[in-house]
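See structure below.
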Amino acid sequence: MMRVHAYAAPAAAEPLTPTMIERRDVGPGDVLIEIEYAGICHSDIHTVKGEWGPQPYPLVPGHEIVGSVTESGAAVTRHRVGDRVGVGCMVDSCGECVNCRNGDEQYCLDGMVSTYGGLDRDGTVTQGGYSTHVVVDAGFVVSVPEGIDPAAAAPLLCAGITTYSPLRHWAAGPGRKVAVVGLGGLGHMAVKIAHAMEAEVTVLSQSLKKQEDGLRLGADHYHATSDPDTFERLAGRFDLIVNTVSAAIDVDAYLGLLAVDGTLVNVGAPPEPLSLNVFSLINARRSYAGSVIGGIAETQEMLDFCAEHRIGADIELISAEQINEAYERVLASDVRYRFVIDAATFR
Ligand code: NAP
Ligand code: ZN
């Protein structure tokens with residue numbers, strides 16, 4: 001057992017504070033990672049605030065982890081001491097069900113083990129990446145290719161894979177019109193990745209405040225959803241809409257922007273139910289779908305794709321003591337476009 005520095009939420013309504021936590025011994029299939037960078041995902045905020053249900057406090061969030069291997073178990077072959085690696089939203093799954101065997105560990109029939117707030121194999125609660133070290137089964141650890149700045153790579157472990165996976169699944173590519181709703185952490189990655197996949201990309205943001213950024217990130221078009229004309233002008237246009245918004249949206253209004261056979265995929269995960277008028281679907285054979293992160297092999301594929309296309313997140317590097325302030329800024333849609341914590345400041 002190893003005692004390490006971390007930042008934890010003591011309870012739902014309280015700010016995160018410094019603490020010490022225990023990491024399990026490195027088993028034969030595990031690696032010990034010295035964390036260098038940890039991204040702040042809006043899911044961390046939904047979770048620690050208890051918006052998705054009760055949590056096992058104190059809870060250390062963080063599922064966008066990049067660091068280097070400092071110890072590896074006897075049975076580990078894929079990661080060596082000194083390798084730069086990443087860990088995303090899950091650290092284990094059954095490995096045997098049909099979904100795990102298909103490489104969709106995130107849809108494990110037994111439930112994937114979340115990087116924090118999950119039930120670890122030793123019966124303890126998993127604790128996430130706002131910390132100096134973590135011990136993870138090597139099968140859930142991916143390689144961070146050289147050529148991506150490690151701090152800018154951290155957000156790829158959640159924001160990157162969460163947008164890459166549906167863009168691939170619904171075939172974003174040349175000749176396809178893709179809209180991204182919400183230009184935050186996930187949204188800005190969706191724009192970069194869809195652009196690299198050569199789709200025609202449109203940003204649908206609440207206002208035009210981030211228009212210049214959106215176009216720089218790779219969007220071809222940018223519209224404000226606060227302008228009701230937007231929904232008339234763009235009606236029936238898109239093959240795929242990726243909704244990354246952390247709050248409830250008017251689903252019917254966005255479905256109206258889809259072409260025949262188009263799909264609106266929700267990756268945003270607001271706690272409250274969203275309503276749907278089925279006529280928004282049946283009038284143009286449209287689909288309304290959801291997607292959660294991506295599998296481990298797909299996460300590696302995404303990292304390799306990002307390295308090849310020179311894609312990292314646009315980040316603001318902060319120290320541990322700025323976490324609570326960063327949460328407030330994320331909640332105010334004032335993130336450009338991902339906060340990443342320098343893990344050296346947890347000590
Ligand atoms: P984020 O950085 O806060 O971005 C969300 C963006 O949504 C904001 O920047 C804002 O963009 C827009 N937005 C926020 N409030 C809004 C409102 N009331 N109405 C309309 N638009 C609003 O969050 P994130 O880290 O990208 O995460 C986004 C959501 O995805 C969260 O719910 C998170 O839990 C979820 N998530 C899901 C998965 C998955 O696997 N499915 C993985 C990670 C995260 P504009 O200012 O441009 O409008
Ligand atoms: Zn996340």
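Whatever order the structure lists them in is the order used to number ligands and atoms, beginning at 1. We number each residue from 1, following the sequence as shown.
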Next item on the list: Report the C-alpha separation of N324 and E328 in whole Å, then their side-chain angles, then the decisive distance to 0.1 Å, and conclude whether the side chain to side chain donor-acceptor pair (under 3.5 Å) test is met.
Entry: CA-CA 7 Å; N324 294 301; E328 292 307 316; over 6 Å; no
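Defined by atom type and a distance below 3.5 Å, a donor-acceptor pair is present between the side-chain atoms of S131 and R23. In the model, S165 has a side-chain atom that pairs as donor or acceptor with a side-chain atom of E298 under 3.5 Å.
Counting just the N/O/S atoms of H63, the one with the shortest distance to the Zn ion (ligand 2) is named NE2.
Counting backbone and side-chain atoms alike, C89 contributes no N/O/S atom closer than 2.8 Å to the Zn ion (ligand 2). For H42, every N, O or S atom stays at 2.8 Å or more from the Zn ion (ligand 2).
Here the closest non-hydrogen pair linking I311 and I148 is O-CG2, 3.9 Å. Counting all heavy atoms, side chain and backbone alike, Y116 lies closest to L59 at CD1-CD2, 4.1 Å.
F238 is not connected to V180 by any chain of hydrophobic side-chain contacts under 4.5 Å among Ile, Leu, Val, Met, Phe, Trp and Tyr, and they are in different clusters.
Using a heavy-atom distance under 4.0 Å as the criterion, the protein contacts of ligand 1 are C41, H42, S43, H46, W52, C158, T162, G182, L183, G184, G185, L186, S205, Q206, K210, T244, V245, S246, A247, V267, G268, A269, S291, V292, I293, V330, S333, V335, R338.
Using a distance-only test at 3.5 Å, with no hydrogens or angles considered, no donor-acceptor pair links the side chain of K192 to the main chain of A313.
The number of heavy-atom neighbours closer than 6.0 Å to CZ of R233, taken from other residues, nucleotides and ligands shown, is above 12.
If you put the vertex on the Zn ion (ligand 2), SG of C41 and SG of C158 sit 130° apart, to the nearest 10°.
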